[in-house]
Amino acid sequence: MSLLVKASKAGRQIVEVTPESAGWTHVGFAAHRLAPGEAVELDTGARELCIVVLSGTVTVMAGDQVWQDIGGRSSVFEERAPYAVYVPLETRVSVTASGSAEVALCSAPATTHRPARLIEPSSMARSVRGKGANTRYVCDILPQTAEADGLLVVEVVTPGGHSSSYPPHKHDSDNLPEESSLEETYYHRLNPEQGFAFQRVYTDDRSLDEALAVENHDVVMVPRGYHPVTVPYGYDGYYLNVMAGPKRIWQFKNDPAHDWLMSK
Ligand SMILES: O=C(O)C[C@@H](O)[C@H](O)C(=O)CO
């Protein structure tokens, strides 16, 4: 099975990964393009959900709570954090677009009945990582310091000609404090949209070693292994990461072969 999930060019649902389709246990991801007035409705069931308003403006209803006209980014490449909503398990949800909108639905198994909440852009830490052609821009949407059962959500902009998730790192061994075990999805966007990027997913023994050409809206599933990204000159890359695993801690290990880059 390829780790690349191609996006649908038309229709409301752009792409979807479920634990069943991925053959794993925790992470669920879907992206939807909504026309004005169009809605996506669901019941969270046994999962918690983080709705990320990637672009446009939407109204979110979760149980008896409503957040009217949240969002406002014209594109994921606009230099500002998104609005997001955390929704606990067993909750009826609707997301209705005010104008054209793109939303991400990020989910993981949950057991705690905590209140639904708006996650304001002002509460999200934005940081710059790396140097030179490894510089990238990170926004922590639902980090491990924020309440949730299992979900971690982060977005990253990689300028054209740069690498990110690099030096290559992995988090596939439940071996804290050295490393945690987290499944992960990458929802890729390119600007301009005809661009492409590359992501490699590989393990130390190379029993898994896939080099994937990703286009706008494609998802890469990372069940295990190192997972660096490079974006060619002329195009900027964006991805939204969803991670979850047995413990809600992001503790990664760099590939020893490339760890020297940290002190370059
Ligand atoms: O540092 C980066 O370039 C982004 C990565 O941390 C990315 O969020 C990831 O790989 C998470 O495991």
Side-chain angles (χ1 to χ4, degrees), residues 3-4 17 22 24 26-29 50 52 54 76-77 81-82 84 104 106 108 124-146 148 150-190 197-204 208 210-212 214 218-232 235-255 258-259 261-264:
L3 299 177
L4 181 63
V17 172
W24 59 29
H26 299 272
V27 168
F29 177 78
C50 179
V52 182
L54 296 171
V76 293
F77 292 97
C106 317
M124 299 175 190
R126 297 173 70 214
S127 56
V128 183
R129 273 190 209 147
K131 57 187 176 188
N134 196 34
T135 306
R136 66 270 192 202
Y137 302 89
V138 180
C139 176
D140 292 313
I141 297 170
L142 187 63
Q144 66 194 41
T145 48
L151 260 184
L152 296 164
V153 183
V154 58
E155 65 178 11
V156 178
V157 170
T158 311
H162 286 217
S163 315
S164 61
S165 297
Y166 186 80
H169 70 253
K170 71 179 185 82
H171 36 70
D172 61 11
S173 170
D174 191 0
N175 180 32
L176 288 166
E178 278 77 41
E179 188 177 341
S180 58
S181 174
L182 297 168
E183 303 159 355
E184 183 167 23
T185 51
Y186 275 68
Y187 176 57
H188 286 274
R189 299 292 314 279
L190 278 307
F198 297 100
Q199 184 158 22
R200 183 181 179 198
V201 184
Y202 67 99
T203 53
D204 286 312
L208 173 62
E210 286 194 26
L212 305 158
V214 299
D218 290 346
V219 168
V220 171
M221 303 182 291
V222 183
R224 61 188 182 282
Y226 307 101
H227 41 274
V229 172
T230 59
V231 182
Y235 296 89
D236 291 331
Y238 164 98
Y239 48 78
L240 181 73
N241 291 139
V242 184
M243 290 177 276
K247 300 194 181 84
R248 191 165 174 262
I249 298 175
W250 181 52
Q251 183 65 47
F252 61 85
K253 179 179 169 245
N254 285 336
D255 183 341
H258 304 292
D259 199 32
L261 289 163
M262 294 304 290
S263 50
K264 180 171 148 47

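Just so you know, ligand 1 is whichever comes first in the structure, and atom 1 is the first atom listed for that ligand.
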Measuring only between side-chain heavy atoms, which start at C-beta, is [X] closer than 4.5 Å to [Y]?
X	Y	value
Val138	Arg126	no
Gln144	Leu152	yes
Arg200	Glu210	no

- Item | Residues Lys247, Asp174: salt bridge by 4.0 Å N-O rule | yes
Need the ligand 1 atom indices (1-based, order shown) with element for anything under 4.0 Å from a heavy-atom of [X].
X	result
His227	10 (O), 12 (O)
Tyr239	3 (O), 4 (C)
Arg136	1 (O), 2 (C), 3 (O)
Trp250	6 (O), 11 (C), 12 (O)
Val156	4 (C)
Ser164	3 (O)
His171	12 (O)
His169	5 (C), 6 (O), 9 (C), 10 (O), 11 (C), 12 (O)

- From the list Tyr238, Phe198, Phe29, Tyr239, ring pair (Phe, Tyr, Trp, His ring centres under 6.0 Å) with Tyr186 holds only for Tyr239
- Query: Which atom names give the shortest non-hydrogen contact between Arg248 and Pro143, and what distance separates them?
  - Reply: NH2-O, 2.9 Å
- Task: Enter the distance from Leu3:CG to Asp218:CG here, rounded to the nearest 0.5 Å.
- Result: 13.0 Å
- Evaluate the ring planes of His169 and Trp250, with Trp represented by its six-membered ring, and classify them as parallel (under 30°), tilted (30 to 60°) or perpendicular (over 60°). perpendicular
How far is [atom] from its nearest protein heavy atom, and which residue and atom name does that atom have?
atom	answer
atom 1 (O) of ligand 1	Arg129 NH1, 2.6 Å
atom 5 (C) of ligand 1	Ser165 OG, 3.4 Å
atom 11 (C) of ligand 1	Glu184 OE2, 3.0 Å

- Per atom 7 (C) of ligand 1, closest listed option by heavy atom (Asn241, Val229, Val153, Leu152): Asn241
- Is there a donor-acceptor contact under 3.5 Å linking the side chains of Tyr226 and Asp204? yes
- If you measure from each non-hydrogen atom of Tyr226 to ligand 1, which part falls under 4.0 Å: side chain, backbone, both or neither? neither
- Item | Tyr186 and ligand 1 - part of the residue with a heavy-atom distance under 4.0 Å | side chain
